[in-house]
Amino acid sequence: QVQLVESGGGLVHTGGSLRLSCAASGRTFSSNTMGWFRQPPGKEREFVASISWSSRNTDYADSVKGRFTIVRDNVKNTVYLEMNSLKPEDTAVYSCAASTIPMGGVIRDPRGYNLWGQGTQVTVSS
């Protein structure tokens, strides 16, 4: 069964850090763009970060640029989201996603992804 499983969420104070992991199983995603999205309570899902298959290109939402870093380990078939200087407005369910396009670049549009994880809750207290 092909799936993505996120982990690493939790409760932190403002200014704290978390590292989210997204482990893929069932097939390799080393040739596919990966992304992170989040859905704050009562709001629509929004783009957070994307990384190309080669890690050469990354893209971030303006709201997280300079604070979050997306990296991937193709040997471990895992993508990470390092989150620093967390703010209460970062509170959301964070989900990772894998794209359908091999050897592609970064993607902001969720329609560019066809496999999603179940999500992990991140709560930042003020």
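Count residues from 1 along the sequence.
For Asn114, the side chain to side chain contact (heavy atoms under 4.5 Å, CB included) test picks out Thr100, with sequence neighbours left out. Remark: Arg19 pairs with Glu82 by the salt bridge (Lys or Arg N to Asp or Glu O under 4.0 Å) rule, at least two apart or across chains. Under the salt bridge (Lys or Arg N to Asp or Glu O under 4.0 Å) criterion, Arg27 pairs with no residue at all, not counting sequence neighbours. Partners of Tyr113 under the side-chain hydrogen bond (donor to acceptor under 3.5 Å, both in side chains) rule, at least two apart in sequence or in another chain, are Ser50. By the side-chain hydrogen bond (donor to acceptor under 3.5 Å, both in side chains) test, Asn74 is found to be paired with Arg72, residues two or more places apart in sequence or in another chain being considered. Scored by the side-chain hydrogen bond (donor to acceptor under 3.5 Å, both in side chains) test, Ser31 finds no partners at all (sequence neighbours excluded). Every salt bridge (Lys or Arg N to Asp or Glu O under 4.0 Å) that Asp59 has, sequence neighbours left out, goes to Arg108. The side chain to side chain contact (heavy atoms under 4.5 Å, CB included) test applied to Ser7 returns Ser21, not counting sequence neighbours. By the side-chain hydrogen bond (donor to acceptor under 3.5 Å, both in side chains) test, Ser125 is found to be paired with His13, residues two or more places apart in sequence or in another chain being considered. Every residue two or more places apart in sequence or in another chain that forms a side chain to side chain contact (heavy atoms under 4.5 Å, CB included) with Ala23 is listed here: Thr78. For Arg111, the salt bridge (Lys or Arg N to Asp or Glu O under 4.0 Å) test picks out Asp109, with sequence neighbours left out.
Here the closest non-hydrogen pair linking Trp36 and Cys22 is CZ2-CB, 3.6 Å.
Counting only residues at least two apart or on different chains, no salt bridge (charged side-chain N to carboxylate O under 4.0 Å, His left out) pair has a member in residues 115-126.
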